[in-house]
Amino acid sequence: MTATPWELTRESFLSEDEVARLLAHLRQVEQESSDRSAAATDRVIIETLLFSGVRNTEFCRLLIADTCIATGRPEFQVSERPGEVRTVHLPRSLCELLESYVREFHPQRLPAGVRPDDIEQPLILNERGKPYERTALYRRVVRILSAAGLAERASVQLLRHTYGYLAYKRTGGNLLFVQQQLGHAHPMVTAIYAQFVPFNQPDLANAVAERP
């Protein structure tokens, strides 16, 4: 039997209830914060990673031009490596959040002289108007998740694994969709999420024999 390249445990991803609590926390902080721009940025970072499954470096490379804001399609054009791009399909709710953020808060972080409608700008800028690099983004994600009560598990990878788990579960185990979304080279890697999604063997056996 071929071993999987890595192993997941139940602590590697958030449960449905934990996701709901995290989202509620982010929205409450955004509503109550005296610095709405920072709180809105925190929410966009977490929800984008959680509902797209993109890697840390892929997120850092995203330009507005790569997103639904510029293309009008609910997707990211993600640069995996120089010259390699894959399409990541997005829920419409995430696109609406990104559109609202770029319209209301993104212009506040642009360097002097940059037009607000310049789609070649990074999707997310830090407080100094600079694009994020992977270490700084990782630290910010850890800080946000720690404030939400997830300090012991806080990481960008926690959010990516949560996406893999939710995508597999909520699509009825569509392995090909999850593999393409996460950019896995081999379905064996993606199949690791299946162990955490229960299914009814008798019902599935009956479904195979059902007449069309």
Side-chain angles (χ1 to χ4, degrees), residues 1-20 22-23 45-62 66-68 71 73-95 123 132-135 137-139 141-142 144-145 150 152-210 212:
M1 179 177 177
T2 304
T4 55
W6 36 261
E7 299 292 336
L8 287 187
T9 69
R10 178 58 196 80
E11 296 300 303
S12 301
F13 57 90
L14 301 175
S15 68
E16 298 262 10
D17 286 345
E18 288 172 325
V19 169
L22 173 60
L23 295 177
I45 288 172
I46 298 301
E47 291 201 28
T48 300
L49 292 168
L50 184 60
F51 294 124
S52 71
V54 295
R55 300 176 178 91
N56 186 327
T57 52
E58 293 170 342
F59 181 93
C60 292
R61 293 191 192 115
L62 282 173
D66 302 323
T67 75
C68 46
T71 67
R73 299 184 299 274
E75 61 190 36
F76 285 155
Q77 294 299 308
V78 173
S79 300
E80 299 184 66
R81 301 175 187 83
E84 294 184 21
V85 177
R86 81 174 189 280
T87 298
V88 175
H89 299 277
L90 307 176
R92 294 194 180 277
S93 57
L94 178 57
C95 288
L123 175 63
Y132 271 92
E133 49 86 23
R134 62 187 309 275
T135 302
L137 180 69
Y138 189 93
R139 287 198 300 264
V141 168
V142 168
I144 300 166
L145 294 180
L150 296 164
E152 294 183 358
R153 300 157 64 195
S155 70
V156 174
Q157 199 67 3
L158 176 73
L159 300 176
R160 179 168 162 83
H161 285 321
T162 300
Y163 179 84
Y165 164 72
L166 293 178
Y168 187 86
K169 180 181 179 183
R170 294 180 177 179
T171 62
N174 191 319
L175 192 64
L176 181 59
F177 172 78
V178 183
Q179 179 191 356
Q180 292 175 342
Q181 288 285 99
L182 292 175
H184 288 162
H186 198 285
M188 180 182 69
V189 178
T190 315
I192 197 72
Y193 298 107
Q195 65 183 300
F196 300 103
V197 179
F199 58 90
N200 187 302
Q201 289 94 334
D203 285 352
L204 293 179
N206 286 328
V208 173
E210 286 180 358

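Predicted model only: the values in this text are computed from it and were never measured.
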Which heavy atom of [X] sits nearest to which heavy atom of [Y], and what is that distance?
X      : Y     : answer
Cys95  : Cys68 : SG-SG, 2.9 Å
Ile144 : Ile46 : CG2-CG1, 3.7 Å
Leu137 : Cys60 : CD2-SG, 3.8 Å

Qualifying residues under salt bridge (Lys or Arg N to Asp or Glu O under 4.0 Å), relative to Glu11, sequence neighbours excluded: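 Scan of Glu11 (salt bridge (Lys or Arg N to Asp or Glu O under 4.0 Å), adjacent residues dropped) gives Arg153.
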
By salt bridge (Lys or Arg N to Asp or Glu O under 4.0 Å) - contacts of Arg73 (at least two apart): Glu75

Flag side-chain contact, heavy atom, 4.5 Å: [X] against [Y]:
X      : Y      : result
Val85  : Val78  : no
Arg86  : Gln180 : no
Glu16  : Leu166 : yes
Gln157 : Ser12  : no
Glu7   : Ile192 : yes

Working for side-chain contact (heavy atoms from CB on, under 4.5 Å), residues Leu159 and Phe59: CA-CA 12 Å; Leu159 300 176; Phe59 181 93; over 6 Å; no

Cation over ring face, Arg10 and Phe13, 6.0 Å, 45°: yes

Reported [atom1]-to-[atom2] distance for the pair [X] and [Y], which is rounded to 0.5 angstrom:
X      : Y      : atom1 : atom2 : answer
Thr57  : Glu133 : OG1   : CD    : 11.5 Å
Leu90  : Phe76  : CG    : CZ    : 4.5 Å
Leu150 : Leu145 : CG    : CG    : 5.5 Å
Tyr138 : Asn56  : OH    : CG    : 9.0 Å
Asn174 : Tyr168 : CG    : OH    : 9.0 Å
Arg160 : Leu182 : CZ    : CG    : 4.5 Å

Arg61 with Glu84: basic N within carboxylate O range, under 4.0 Å: no

Modelled atom types, side-chain donor and acceptor of Ser79 and Glu58, under 3.5 Å: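 The answer is no; no qualifying pair exists.
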
Phe196-Tyr165 aromatic ring centre distance below 6.0 Å: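 Not close enough - the centres of the two rings lie 6.0 Å or further apart.
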
side-chain contact (heavy atoms from CB on, under 4.5 Å) assessment of Asp66 paired with Leu123: CA-CA 9 Å; Asp66 302 323; Leu123 175 63; over 6 Å; no

Check: Thr190 side chain, Val178 main-chain N or O, donor-acceptor pair, under 3.5 Å: no

Stepwise side-chain contact (heavy atoms from CB on, under 4.5 Å) check, Tyr193 with Leu8: CA-CA 8 Å; Tyr193 298 107; Leu8 287 187; 3.4 Å; yes

Set of residues satisfying side-chain hydrogen bond (donor to acceptor under 3.5 Å, both in side chains) with respect to Tyr163, sequence neighbours excluded: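 Partners of Tyr163 by the side-chain hydrogen bond (donor to acceptor under 3.5 Å, both in side chains) criterion, ordered by chain and then number, come out as Gln181.
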
